[in-house]
Amino acid sequence: MNTLSLSASKHSKSFLNLLKPQTSKTQSSIFLLSHHLSTDPDPETEPNPKPNQSPKDDDLLITQAVELLQPNEKDWNFDQLHHLLFSNSAAPSPRSLFHITRRLGASSKALKFFEYVSENVASAPDSTDSLSSSFQAILELAKREPTSQNKLYDLYKMAKERNIPLNISSAALLVRSLGMVGMVDEALIVFNDLDPGLKNTHLRNAAIDVMLKSGCIDDALKVLDEMFDPKAEGRVDQVTGDIVLSYLLKREWPGRSFSEEDIVGLVLKFGEHGVFPDSMKLTKLITALCRNRKTNKAWDVFHDVMKLGGDVKAASCNALLTCLTRGNDFKRMNELMVKMKEMDIHPDVVTFGIVINSLCKSRRVDEALELFEKISGGREQSDGVSTEPDVVIYNTLIDGLCKVGRQEEGLLLMEKMRLQNGCAPNTVTYNCLIDGFNKVGDIERGRELFHQMKEEGISPSVITLNTMVDCLCKHGRLNSAIDFLNEMQRDGVKGNAVTYTTLITSFCNVNNISMAMELFEQMLRDGGSADAIVYYSLISGLSQAGRMDDAISVVSKLKEACFSLDLISYNVLINGFCRKNKLDMVHEMVQEMEAAGVKPDSVTYNTLISYFCKAGELTTGHRILSKMINEGLVPTAVTFGALIHAYCLNGNTDKAMKIFREMGSKSKVPPNTVIYNILIDTLCKKNEVELAISLIDSMKDKGVRPNTATFNALFKGLKENNLLEKAFEFMDQMTEHACNPDYITMEILTEWLSAVGEIEKLRRFVQGYEVAASTA
DNA sequence: TTAGGGTTAG
């Protein structure tokens, strides 16, 4: 309701000055119309017959008159004509004049007749009506003739000069026809010239339509505002709503912009007048709100429309449900389902599809299956919610099962779907299952399913290809992945940006940069659909490999392809140049990213702080840290880690320890394993093993898990000081923490323990047995 | 309804 009153007042304020009539006083008096004229919205409606004259009498008169007017106008027999039309006590009715005029066929001839009538009708009591009707007929004839545009407007000017009032049909015809041929200014002149009393709903709708289509949005909104006035002559109707909302939901308004609030405000204002968006428009509005992450707005407008009495259908509910699934808002999803039941809106297969999908995506597969069982239970269900599940629902569930490692059940569900009519497994079904088996490492089953789908005549898609390629790459079978791609390309399934991203990343990871570059070139050559991600991946791979010149050349290609670098790519490049010690390029990148409006984040700052600190430029490091804080960014554990590491390298362990102590207390950033490792390593190297051991104890207190590197650092220190018993204790701790010894651990311990004749302990340690107790 | 990527301290 808040929304409602807000936007209502907003509009009435901006449109307040427009409630005054648009026409000047003289114009409105010239165009004053008799009140008994028809206000029928149909523009081509004939005028009413006079009450004392039957349509039958009229028809005879019309036929006779038309006969007399058959010859060329210069051969008209005016005596006979006068006798027929004006000798009677009553002049011909507006209706007869309309028909006579119109049956003359051509506007020029009709105009001649009109001239004749206007000279003779002057004294009749309803002469104005008669002339208006005759004039309406001329307009209708003119409209059908070629090059009518100017003719229509000339006729209008003539009528205006001669003080012949337009009736509503004529006005509507002029506004519509002129608007339609692009004579918008003229159409608006006609509309604005009209007496406010003549502007009924139909006419205003026609005007608003013309205004919106020609971009005169503010004019349209003015008219609309008048129509919202409860005292107005032409109030809004369903047609007004359709015209305005169709326009607003187009989502592109040349030269004007509307916020969702504006649109929602208007919808509600229409609602107060009993005019509602149809299901399609309401759905479109909710979808648009959802797209812009305005879930609450969508929720409100949906409920307000319902409260005001609008007819809400399942499609709109589905749009809102989709919106709610984004934020995993199960509470409101439930509320909505309850509301649907209350309002007797039957959920359709899409409704259930949305709910099942959102449950699956939150890994609540059992609940999804439960709902599935419930809806497929048949029509006997007490609450009437039953639908035939469709392929999409089956696929959603199969994917859900596969994503939580229940691919065997997924397979069973595929067999179940075969038993249901019209629910045969399709490419998506197989893609989900292949991915499911691949992700748990069962490549063979994945491959089997791939062959099975082909045997069943189900075509693999590019997603099938990518699933298989990803699996082969993850298992290090890069050449098989390439072979598979080539095989599929021969069968007509071309790789896309996703395929190449997977392959390029994998080849970079095994440091096969030339192959990664070759694949990239191949992708560009094939004219495939490269996207920004594939460029980012290669840039990252090249930077990681220290090939900054190549990275920059890919950046150029990315720009040529009209993509732009994002924050992470800039960070990757800055880091790459830092590692190559190319300070000028680091500067260039930072400047470029700021010029591009990409704001550096804490990773950017951490990278720079670390670079300067490592280079011994601690002052610069601190200056950048201050800038980071000034920019509103919060230093992270990585920031402190970089500083602590720098002071450790510098030999200033005290300063390092000071920062370490302050980060927990002052900065509320608890030290992590890496920071402990840096300090333990440094302290051990400085022979301060006791202090290092106390840090390990503090890790235990703070719940920071040590890792293999922690113990490696410590073992080095213990070895230097020959603290054998301590070493055995920590070997046991290592086992407790499930930290596997790596080659560094083995190197240190092998050398040390064999020298002191304790090699048996090492063997036991490697086998996972306790070693300290056995000594005691 | 199904597929891909990249960053900072040790």
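Just so we're clear, the structure is a prediction, and the values are computed from it rather than from any experiment. First the proteins, then the strands, lettered A, B, ... as listed; each starts at 1.
For residues 625-641 of chain A, proximity to DNA chain B is found at A637(A), V638(A), G641(A), defined as any non-hydrogen atom under 4.0 angstrom from a strand atom.
I434(A) approaches T467(A) most closely through the heavy-atom pair CG2-CG2, 4.1 Å.
Salt-bridge check for K658(A) with E662(A): passed, with a basic side-chain N closer than 4.0 Å to an acidic carboxylate O. A salt bridge does not link K582(A) with E588(A): none of the charged nitrogens is closer than 4.0 Å to a carboxylate oxygen.
Between the side chains of Y570(A) and E592(A), at least one donor N or O lies within less than 3.5 Å of an accepting N or O. Residues S543(A) and N575(A) have side chains that never bring a donor and an acceptor to within less than 3.5 angstrom of each other.
Among the heavy atoms of the strands lying under 4.0 Å from I675(A) is at least one base atom, whether or not backbone atoms are also near. Within the nucleic acid shown, N438(A) has no heavy atom closer than 4.0 Å to any nucleic acid atom.
Without hydrogens or angle criteria, T673(A) side chain to R705(A) main chain gives a donor-acceptor distance under 3.5 Å. Distance alone, capped at 3.5 Å, places no donor-acceptor pair between the T325(A) side chain and the S358(A) backbone.
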Protein-to-nucleotide contact annotation, 5' to 3' order, nucleotides 1-6 of chain B [B base; S sugar-phosphate only; - none; under 4.0 Å, heavy atom]: BBBBBB
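Checking N707(A), T708(A), N712(A) one by one against N677(A), the side chain to side chain donor-acceptor pair (under 3.5 Å) holds for a single residue, N707(A).
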